[in-house]
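See below for the structure under consideration.
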Amino acid sequence: MSRNKRKPTAPSPAPTPGAAGRLLEIDFLAAIAMTLCVALAYATRNSINPDGVSYLDLASALRRGDWSAFVQGYWSPFYPVLLALAGSATSLEGDAFLPTVHYLNAAIAGLGIAAVWCWGHHARDRFIARAALATFIMAAARPLRIEAVTPDLLLLSLMAWTAYELIARRGERWVRLGFLLGGMFLAKTSVWPWLIVLTLVRLATADGRVARTVALRASGIMVLVLAPWVGAMSISAGQFTMSSAGRLNLCWYLESCDGRTPDTHVGDHQRYGQIALESGESVVVAGTDDQQRWTYLPWSDPTAWQPGVITQNSTPPAISALIPYWAKQAYYATAYWISPVVFLVLVPFALVHRQKRERHASSPSGRDNLIVAALGLAGVAQFIAVHAEPRLIAPFVLMTIMALLTWLRMRAAPDVSISPPARRWREGVTAATAAVALILGAGRLSGEMEASGQVEKRFAVIESRFRVIDTGIDRRVAVIGYAMPALGDLWRARARVVAQVPPYAAVQIGQLPADKQAEELRRMFGSIAHAAWLVNPDGRFQWVNLGE
């Protein structure tokens, strides 16, 4: 056959007498997984993390038409756009909107489950459906982090669909694939190096002119999707940029920069000033004149905060320091985050579908699947090189495992050649993989419900104290110590940080007697803030009413 002709898509297995039952099983498993997502969304409906505060701030900027605030290079645009649309559709704001965010997260997770469902229907193979479902849940950064107000689940679901298009459809639906790849960039701009690698690998490994044309068309669609945001970022930055996330992460994690926020910064900053105590000592204070845009400026817009750093601890690491760092990152990524999916899904699947001595004649080569698996590992390596966390590597782990699962299944002997006892053993092992994943996800429900109750009690106290001050919705807070642990409570209370005494300087205030503390804080911040929060690293804080 000429290499310039399109390589035919591998046909789906022919229907068997039990096909209807297999498809019904896939529907049932998908329904259970979706029910779990909704239950987790309800259990975590009051949860919000520091990154989530930034995404919700960006959504608010978008709703009020503040494009200069919305266009920045660190946080990605797709997720806050979805949050803004959900907010406009429900007309909810602040704490009343938070449950809607978690139900949106559940719907996003449902998109990934839908990809697994389509995979199962395409393959007509309950083994693949079970393993793919288990992989999706177990790879979802300790399972299905519905409570995290971040685009990580969005990227995971987009990756599930991308893997489906590359493996089951072999990338031939180039329009859909291009939009998925562009959407991945908009969901997490830091993936752009991996997208370049994917494009080059697909072009280099394309089998013939037609395949290369399809790959180029998909890449063209991807560029059309991401170009407007790249253009907006570049105009805002005054130079071409794909995002500032990589540059800032490189600084924070590899060059030991301490300028992320006043929580960690011990140098000088353009927004730092000095306020004298009655004793004559001076206290460093980080102030902001941008009180209406952000809950906490340094974190909601790192690209605006970072250029103001005057002095910082920054030591580019030598290769002798990088090698141990990369080894540690790889160890944690492999031992703690990848190994559960490997040993609870991939290994059992490989055992029950182990290859016979002679390869089955009708099995495809699986070359394309191994290429997709290698691309998934390249994505894992990208984050290991700078900073790896479960939520960051989860999409690429998903792609790798799903490609390997398909490769193993393609190499297996047909089910008709398996004896009834062996077939029953296969059924039991592969059913157990899906059951374990669902149990792990369901096991979080009781803990999340309890945590949600504690969060509600604390927030009720905060609301009651603000009502005593009678501030309306214009609530301004001076943070003494760490701001990041308090961001969720601040956002829910619709309060803004207008000043912060960094932790190293807060020690001076903490050494004062309680009555003297309150007196000094009222003198220092009474004209600009309604309350002062003395925040500990664990999130506990003391409240000082500055209006008394």
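Since the structure is predicted, the reported quantities are computational estimates derived from the model, not experimental observations.
With a 4.5 Å cut-off on side-chain heavy atoms, T311 and H269 do not count as touching. Annotation: side chain of L104 is not in contact with side chain of T100 (no heavy-atom distance under 4.5 Å). Put simply, the side chain of W229 does not reach to within 4.5 Å of the side chain of S243, judged on heavy atoms. Residues V501 and V284 have side chains not in contact (no heavy-atom distance under 4.5 Å, counting atoms from C-beta outward). Using a 4.5 Å heavy-atom threshold, the side chains of L29 and W117 count as separate. Using a 4.5 Å cut-off on side-chain heavy atoms (C-beta onward), T400 and I338 make no contact. You'll find the side chain of M184 reaches within 4.5 Å of the side chain of L181, heavy atoms only. Put simply, the side chain of T264 does not reach to within 4.5 Å of the side chain of W252, judged on heavy atoms.
Ion pair E147/R444 flagged as a salt bridge, since at least one NZ, NE, NH1 or NH2 atom sits closer than 4.0 Å to an Asp/Glu carboxylate oxygen. Between R145 and D152 there is no salt bridge, since no side-chain N of the basic residue sits under 4.0 Å from a carboxylate O of the acidic one. The pair E463-R467 counts as a salt bridge, with a side-chain nitrogen and a carboxylate oxygen less than 4.0 angstrom apart. The pair R293-D57 does not count as a salt bridge, with every side-chain nitrogen at least 4.0 angstrom from each carboxylate oxygen.
Applying ring pair (Phe, Tyr, Trp, His ring centres under 6.0 Å) to Y55 and the options F78, F70, Y79 leaves one that passes, Y79.
The CG atom of L490 lies 11.5 Å from the CE atom of M484; values are rounded to the nearest 0.5 Å. Atom CG of D515 sits about 11.0 Å away from atom CD of E520, to the nearest 0.5 Å. The distance from atom CG of L438 to atom CE of M138, rounded to the nearest 0.5 Å, is 10.5 Å. Atom-to-atom distance recorded for L92:CG and L98:CG is 11.0 Å, nearest 0.5 angstrom. How far CD1 of I113 is from CD1 of I108: 12.5 Å, rounded to the nearest 0.5 Å. Between atom CZ of residue F240 and atom CE of residue M242 there is a gap of 5.5 Å, rounded to the nearest 0.5 Å.
Listed here is the closest heavy atom pair of I393 and A388: CG2-CB, 4.2 Å. Among all heavy-atom pairs drawn from V191 and F396, the shortest one is CG1-CZ, 4.2 Å. Shortest non-hydrogen contact noted between Q270 and P307 is NE2-O, 4.3 Å. Considering all non-hydrogen atoms of both residues, Y296 and L487 come closest at CB-CD2, 3.5 Å. Counting all heavy atoms, side chain and backbone alike, H387 lies closest to L392 at O-CD1, 3.5 Å. Minimum heavy-atom separation, T303 to G73: CG2-N, 3.7 Å.
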Please assess N49 against S47 for the test side-chain hydrogen bond (donor to acceptor under 3.5 Å, both in side chains), listing each intermediate value before the final yes or no. CA-CA 7 Å; N49 49 304; S47 300; over 6 Å; no
For a side chain to side chain contact (heavy atoms under 4.5 Å, CB included) check, start with the C-alpha distance between R271 and L297, then their side-chain angles and the critical distance, and finish with the verdict. CA-CA 11 Å; R271 291 182 179 267; L297 169 64; 3.5 Å; yes
Using salt bridge (charged side-chain N to carboxylate O under 4.0 Å, His left out), reason through R492 and E456 one step at a time and then give a plain yes or no. CA-CA 11 Å; R492 292 188 65 189; E456 279 304 283; 2.6 Å; yes
Should Y74 and N249 be marked as a side-chain hydrogen bond (donor to acceptor under 3.5 Å, both in side chains) after you check the CA-CA gap, both sets of side-chain angles, and the distance that decides it? CA-CA 10 Å; Y74 191 76; N249 286 336; 3.2 Å; yes
Pair F185-W192, ring-ring contact (aromatic ring centres under 6.0 Å, His included): steps then yes or no: CA-CA 6 Å; F185 173 81; W192 67 263; 8.3 Å; no
For F136 and L398, what are the C-alpha separation, side-chain angles and deciding distance, and is it a side chain to side chain contact (heavy atoms under 4.5 Å, CB included)? CA-CA 6 Å; F136 178 81; L398 173 71; 4.2 Å; yes
Before you tell me yes or no, could you show the steps for F541 and L534 under side chain to side chain contact (heavy atoms under 4.5 Å, CB included), namely the whole-Å CA-CA distance, both residues' side-chain angles and the distance that decides it to 0.1 Å? CA-CA 5 Å; F541 62 87; L534 288 76; 5.8 Å; no
Walk me through whether N46 and S452 qualify under side-chain hydrogen bond (donor to acceptor under 3.5 Å, both in side chains). CA-CA 6 Å; N46 301 314; S452 180; 3.2 Å; yes
Could you go through the side chain to side chain contact (heavy atoms under 4.5 Å, CB included) check for M524 and L277 one step at a time? CA-CA 8 Å; M524 294 167 64; L277 300 176; 3.8 Å; yes
Stepwise, does the side-chain hydrogen bond (donor to acceptor under 3.5 Å, both in side chains) test hold for W294 with D301? CA-CA 8 Å; W294 311 115; D301 193 358; 4.5 Å; no
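With hydrogens and angles ignored, the 3.5 Å screen pairs a side-chain donor or acceptor of S76 with a backbone N or O of T189. Between the side chain of Q517 and the backbone N or O of I509, at least one donor-acceptor pair lies under 3.5 Å. Of the possible donor and acceptor atoms, none in the side chain of Y164 sits under 3.5 Å from a partner among the backbone N and O of M159. Counting only distance, with no hydrogens or angles, the side chain of W491 and the backbone of R496 share no donor-acceptor pair below 3.5 Å. The closest donor-acceptor contact from the side chain of R63 to the backbone of G87 lies under 3.5 Å. N105 contributes a side-chain N or O that, together with a main-chain N or O of A148, makes up a donor-acceptor pair within less than 3.5 Å. A donor-acceptor pair under 3.5 Å links the side-chain atoms of W326 to the main chain of A385, judged by distance alone. A side-chain donor-acceptor contact under 3.5 Å links T44 to the backbone of L40. Not a single donor-acceptor pair under 3.5 Å links the side chain of H530 to the backbone N or O of I469. Between the side chain of R476 and the backbone N or O of I528 there is at least one donor-acceptor pair closer than 3.5 Å.
Taking the centre of each ring, W299 and W75 come in below the 6.0 Å mark. Close placement of the H265 and Y272 rings is indicated, their centers lying within 6.0 Å of each other. Between F466 and W543, the distance from one ring center to the other falls under 6.0 angstrom.
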